[in-house]
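Since this is a predicted model, take the numbers as computed values, not measurements. Residue numbers count from 1 along this sequence.
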Amino acid sequence: MKLPLWAIALIRKAFPSRFFLSRLTKRFPAFARLIDFTLFRGDHITYLPNNRTIAIKQEVAKPENVALPASAIEHFIDKAGSLVVLNSCICRESAGCRNHPIDLGCLFMGDAVSNINPKLARPVSKQEAREHLRRAEDANLIFLIARNHIDTLWTGARPGTKLLTVYFCCDCCCLWKALPYISDTIAARVNKLPGIQIAVNDNCVGCGKCTEGCCFADAIAVENSRAVIDDNCRGCGRCVTVCPNNALDLH
């Protein structure tokens with residue numbers, strides 16, 4: 001069932017309240033359970049650092065069951081029967097983003113995309129999907145790949161088992177900027193790619209650039225003139241990209 005456009009407009013109006021609602025899930029466990037069941041049940045969302053954050057300094061054996069980030073997305077593009085791209089990013093559009101391209105919308109894959117309102121999205125070929133991916137990389141956006149129940153609600157794309165989403169997120173407008181404020185149960189649905197580690201090296205001078213709003217999870221701080229990363233890190237690699245001193249390594 002295709003969601004009516006007035007419902008999309010309502011979602012855009014409500015989007016700026018995401019931080020307020022997230023804080024409520026921390027304060028009221030019953031409200032957190034309701035939001036989790038209604039919007040996020042069964043979700044598994046993974047941050048994928050873009051390829052430019054990965055510097056391979058020596059030849060390594062690549063595990064067969066772990067793919068490099070962009071390669072992982074291209075794998076799903078190759079396997080997908082249907083692909084559509086949203087005409088705009090609903091997060092950046094709702095927030096009035098001035099820093100990143102609004103027209104770089106989510107990529108949806110799977111049979112369920114046929115139920116998305118054609119006024120919201122356009123079908124693309126596999127090659128066009130790859131070009132969209134490259135544009136997102138060039139814009140220094142962060143990738144999330146997910147089965148996300150909320151997408152089946154606001155797009156009308158059902159069943160959710162036939163839908164896979166790739167988000168192209170900026171550091172200023174993303175829904176998951178609310179991650180530090182939301183209940184632990186919901187936050188636990190957003191994961192780090194297995195095997196990813198971010199470490200601080202001796203180039204760190206404690207300038208604090210990495211703490212200035214770039215981390216989705218508020219997982220980095222400066223202590224005793226040195227950056228420190230805690231267990232909330234989701235491995236998005238944004239801090240590696242913004243560091244002016246090459247003081248952070250993504251392995």
With Y47 via ring-ring contact (aromatic ring centres under 6.0 Å, His included) - residues at least two apart: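 Per chain and number, Y47 pairs via ring-ring contact (aromatic ring centres under 6.0 Å, His included) with F216.
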CD/E131: more than 12 non-hydrogen atoms of other groups inside 6.0 Å: yes
Whether over 12 other heavy atoms sit under 6.0 Å from D230 CG: yes
CA sep, side-chain torsions, deciding dist, call: N191, T46, side-chain hydrogen bond (donor to acceptor under 3.5 Å, both in side chains): CA-CA 5 Å; N191 302 276; T46 303; 4.7 Å; no
Residues N246 and N203: side-chain donor-acceptor under 3.5 angstrom: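 N246 vs N203: no donor-acceptor pair found between side chains.
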Any donor-acceptor pair under 3.5 Å from T152 side chain to H149 backbone: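 Present.
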Stepwise salt bridge (Lys or Arg N to Asp or Glu O under 4.0 Å) test for R189 and D36: CA-CA 10 Å; R189 298 192 182 280; D36 185 40; 2.8 Å; yes
Salt bridge R134-E74, side-chain N to carboxylate O under 4.0 Å: yes
Residues D78, R130; criterion salt bridge (Lys or Arg N to Asp or Glu O under 4.0 Å); working and verdict: CA-CA 10 Å; D78 289 339; R130 294 188 193 96; 2.4 Å; yes
Member of I116, L120, L107 meeting the side-chain contact (heavy atoms from CB on, under 4.5 Å) criterion with V84: I116
Trace of the salt bridge (Lys or Arg N to Asp or Glu O under 4.0 Å) decision for D151 with R158: CA-CA 9 Å; D151 287 334; R158 293 184 176 88; over 6 Å; no
Heavy-atom check, side chain of L164 versus side chain of F76, under 4.5 Å: yes
Near-ring test H132/F168, centroid separation under 6.0 angstrom: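 For F168 and H132, the ring centres are under 6.0 Å apart.
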